[in-house]
Structures are given as C-alpha cells and as structure tokens.
Amino acid sequence: MSEIKIEANDDIGEEKDWAAAKAFFDNLKTKTPRPPKPKYAVTIAVSSRTLFNMVAERKIYEEQGLEKYVAHQVEHENEPLMPGVSFPFVKALMTVNSRLRELYPDSEELFDIVLMTNNHAQVGVRLINSINHYNLTIERFCMTGGQSPIGYLKAYMTNLYLSKDPEKVTEAIEEGIAAATMFTSNKEVELCDNQLRVAFDGDAVLFSDESEIIVKQGGLDKFFEHEKEFENKALAKGPLKCFLEALGKLQKKFYAKDERLTCPIRTFLVTARSAASSGARVLKTLRSWGLEIDEALFLAGAPKGPLLEKIKPHIFFDDQMFHVEGANELGTIAAHVPYGIGQKYHKGKLIEQPQKEK
C-alpha cells in the first residue's frame with residue numbers, strides 16, 4: 001500500500017530543481033498558500049465528480065455524448081459547480097493545514113489536494129473557476145482527456161484516492177494505493193467545521209480480510225476461537241492502514257505542541273467486532289504498528305448507522321456496501337473500499353462463488 005513519504009532518498013538534481021522553483025514562488029507576493037513538496041505531503045487525490053456535483057453534466061455526457069458535454073461545460077464555465085460529496089472532507093483538510101501552518105510555518109508536512117480527473121482540458125476552466133469560487137487550495141491537476149488517471153497516482157505520490165467510479169477505485173487498490181468509492185448521503189448533515197473527523201471500519205479496511213474470511217467460511221464461533229488463539233499476533237495491514245498512519249503522523253505534530261485536546265484531526269474505529277470476544281487483537285495490532293485511534297467503537301454486529309450519525313465524520317470507510325448504504329441513509333458520507341472477501345457477500349449472503357484453491 002502507498003505510504004506517507006517522509007524518508008525517501010534525496011536526489012540531488014531533483015532537490016536543486018525543487019529549491020529553485022520554490023524560491024521563485026516564495027518571492028512572489030501572494031497570500032495564497034503554496035502546495036507542499038510532494039515527498040513530505042499527505043497527498044489526497046479527488047475526482048471532479050466527488051469534489052463537485054456533476055450529476056446534470058454526467059447525464060448530458062451519457063445521453064448526448066462527449067462533444068455536447070464539453071460544449072456545455074465551456075458554455076457554463078463562469079457558473080461555479082455545486083459542492084459534491086468530498087467537498088466537506090476537502091474543506092476539513094484545508095482547516096488542518098491552516099492550523100499546521102500556524103504551528104509550523106516552514107513545514108512541508110501538510111495535506112496536498114490533487115484534482116485527478118479524466119475530464120478533457122477544455123473543461124478545466126470551469127473546474128478552476130469553481131475551485132477559486134470556493135477558495136479551495138488545489139493547485140495540482142491531472143486531466144487525462146478521457147483516459148484512466150490511475151496510472152498517474154503513483155507519480156503524484158498519492159496517499160488516498162477518492163472517486164465515484166468503482167472500477168477506477170478497484171484498479172487503484174490493485175496498484176497498492178489506498179482508495180475508496182464515494183456515495184452521496186440521503187440527507188444533509190451539518191459537520192464539524194474546525195476538526196477533520198475520519199471513521200474507519202477494521203477488517204478489510206485498516207486490517208487485512210484474514211479474520212473476515214474465517215467468519216464467512218467457518219462462522220462466528222470459529223472466528224472467536226481464531227482471534228483468541230492469535231490475539232498476540234498482529235493482523236496484516238489492509239488497504240487504508242497507510243492513510244491512518246499518515247493522519248497519525250500529522251496528529252503527533254499537534255501533540256508535540258501540547259495540542260492533543262485541541263487537535264483538529266480525530267479518528268474513529270467503528271467495527272462490527274465484539275470487544276470481549278475479538279477486540280483485543282485489533283487494539284494490540286494498532287499498538288504494534290505504533291498507531292493510535294482516538295475512539296474505538298465495538299458494535300458486536302449492531303448497525304453502524306446510528307453511531308455514525310452521532311460521530312458525524314467527514315468520511316467513513318467500509319468494505320461492505322451494506323454498511324455504506326446504512327450509513328448513507330442516516331446522513332453519513334460513506335466510502336466503499338472494494339477489498340477482500342466481503343465483496344463476494346451482501347447482507348451476509350454469498351453473491352459470487354469464491355474461486356476454489358488449486
């Protein structure tokens with residue numbers, strides 16, 4: 001999985017080029033924050049359809065074709081697009097950056113938001129105008145003119161990719177990049193404006209699907225026995241472990257300034273596991289990774305929606321659409337992580353026969 005880029009080997013030529021470019025921009029008079037150096041940043045790549053509500057534009061593309069779609073976007077390029085499902089998350093990332101810049105004016109360890117889209121360059125003017133309209137700090141664009149942008153994610157040193165296209169998300173995960181498909185919630189909920197709140201499922205999200213396989217194939221009793229036997233053996237990492245790690249790295253910068261209680265990043269583990277029967281292994285795994293989670297909620301199979309409604313995260317990651325749909329119904333912005341054996345089930349029922357081992 002992609003990792004936060006802190007200890008990469010320096011390349012002398014690249015360092016000189018970056019230093020020269022940075023010096024040039026630093027000498028320009030502007031109040032607009034400049035993007036951080038990619039190797040130190042936590043890079044979040046968002047698609048245009050998650051950042052903005054482009055349902056009407058998408059309908060034109062599907063019903064009338066690409067040329068009519070592009071013409072419509074050019075004709076309306078001075079009309080800002082409405083905020084999309086990832087918009088509150090992006091705004092929260094910017095809030096964290098503002099606090100980090102106050103505490104560490106020269107630090108490059110910040111969130112860097114990249115617009116990653118297969119839109120054509122002609123549509124770029126409307127996207128730029130919309131970003132400027134909402135005062136979003138998004139300086140890096142990748143517009144691929146109808147081609148998949150997935151091949152560029154590693155070049156942009158991406159820590160997390162968010163899209164509305166499940167095929168692209170699956171492709172990104174297969175490339176070892178943390179990714180999720182975003183879904184619009186069924187009702188609007190007022191979210192915290194001074195703290196980034198991120199909620200994670202455990203198995204097949206932060207951790208591998210090892211334990212979930214036991215549940216699906218052997219039942220709960222077998223699962224409880226397995227977790228007790230391997231309580232002191234850390235679970236393997238899942239597709240979003242690296243993103244939690246990146247969040248933790250930035251949290252520690254606030255802790256170092258005695259800002260733990262006012263830290264603008266808060267993380268939640270929201271898992272269907274039972275605490276008494278299978279919770280210890282999860283907590284010990286996080287400890288072995290050197291990671292903290294601010295709140296751990298063990299639901300023992302109860303629905304996640306009501307708890308998430310109380311937490312009000314800017315984004316909730318889960319590998320099972322059943323939980324994503326339940327969260328959406330109660331107003332939570334949820335994202336599906338298409339990883340692991342859970343993709344073969346819906347509401348506990350097998351929807352695809354797993355391949356037999358050879």
Side-chain angles (χ1 to χ4, degrees), residues 1 3-4 42 159-160 178 180 195-216 218-256 259-261 263-308 310-320 323-324 327 332 334-335 337 339-342:
M1 298 300 157
E3 305 286 346
I4 187 170
V42 177
N159 291 93
L160 176 68
Q195 186 180 62
L196 169 66
R197 301 168 74 85
V198 182
F200 300 88
D201 178 32
D203 296 299
V205 175
L206 291 180
F207 316 115
S208 74
D209 65 342
E210 166 200 331
S211 297
E212 209 159 278
I213 290 173
I214 301 295
V215 173
K216 296 291 191 294
L220 275 177
D221 289 339
K222 186 70 174 179
F223 165 70
F224 293 145
E225 292 173 8
H226 178 269
E227 293 305 283
K228 187 65 177 176
E229 181 181 354
F230 294 98
E231 179 179 314
N232 294 312
K233 180 182 178 182
L235 288 155
K237 66 180 181 180
L240 263 69
K241 180 255 188 179
C242 55
F243 182 52
L244 176 63
E245 189 173 34
L247 293 176
K249 191 81 175 182
L250 296 184
Q251 282 181 309
K252 288 177 181 178
K253 294 177 71 67
F254 291 98
Y255 302 165
E259 297 255 348
R260 180 180 285 268
L261 295 180
C263 179
I265 302 173
R266 192 162 186 84
T267 56
F268 303 80
L269 173 67
V270 182
T271 174
R273 282 177 177 250
S274 165
S277 304
S278 58
R281 191 180 186 195
V282 162
L283 298 179
K284 289 182 178 181
T285 295
L286 291 171
R287 184 192 301 164
S288 73
W289 290 346
L291 298 180
E292 296 182 32
I293 201 89
D294 292 306
E295 298 188 30
L297 307 174
F298 294 90
L299 303 185
K304 297 180 180 181
L307 268 295
L308 291 166
K310 180 68 175 178
I311 293 170
K312 296 182 179 179
H314 291 91
I315 192 167
F316 164 61
F317 298 100
D318 202 292
D319 68 302
Q320 298 188 53
H323 292 304
V324 170
T332 295
V337 181
Y339 175 84
I341 195 173

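Starting from 1, each residue takes its place in the sequence as its number. Every value quoted in this text rests on a predicted model; they were computed, and no experiment measured them.
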Using 4.0 Å as the upper bound for N to carboxylate O, is an ion pair formed by [Y] and [X]?
X: K252; Y: E259; answer: no
X: E292; Y: R260; answer: yes
X: K228; Y: E225; answer: no

Once rounded to the nearest 0.5 Å, what's the spacing between atom [atom1] of [X] and atom [atom2] of [Y]?
X: L261; Y: Y255; atom1: CG; atom2: OH; value: 9.5 Å
X: I213; Y: K216; atom1: CD1; atom2: NZ; value: 10.0 Å
X: L297; Y: L269; atom1: CG; atom2: CG; value: 7.5 Å
X: K233; Y: H226; atom1: NZ; atom2: NE2; value: 7.5 Å
X: L235; Y: L206; atom1: CG; atom2: CG; value: 10.5 Å
X: L283; Y: S288; atom1: CG; atom2: OG; value: 11.0 Å

Indicate yes or no: at least one non-hydrogen side-chain atom of [X] is less than 4.5 angstrom from one of [Y].
X: L247; Y: F200; value: yes
X: P264; Y: L196; value: no
X: D209; Y: D203; value: no
X: F223; Y: E227; value: yes
X: V270; Y: D201; value: no
X: F207; Y: T285; value: yes
X: K304; Y: L299; value: yes
X: V337; Y: L240; value: yes

Q) Please walk me through it: do V198 and H314 pass side-chain contact (heavy atoms from CB on, under 4.5 Å)? A) CA-CA 6 Å; V198 182; H314 291 91; 5.8 Å; no

Spell out, as yes or no, whether a donor-acceptor pair under 3.5 Å connects the side chain of [X] to the backbone of [Y].
X: D318; Y: H323; answer: no
X: T332; Y: A334; answer: no
X: R281; Y: F230; answer: yes

Kindly give the heavy-atom pair with the smallest separation between [X] and [Y], and that separation in Å.
X: F254; Y: C263; answer: CD1-SG, 3.9 Å
X: F243; Y: N159; answer: CB-O, 4.5 Å
X: Y339; Y: A204; answer: CD2-O, 3.4 Å
X: D319; Y: V205; answer: N-CG2, 3.6 Å
X: P313; Y: L308; answer: CD-O, 3.5 Å

Q | Pair R197, T267: side-chain N/O donor-acceptor within cut-off below 3.5 Å | A | no

Q: Ignoring hydrogens and angles, state whether a donor on the side chain of Q251 or D294 is under 3.5 Å from an acceptor on the partner side chain.
A: yes

Q.
Less than 6.0 angstrom from the centroid, inside 45 degrees of the normal: does K237 satisfy that with respect to the ring of W289?
A. no

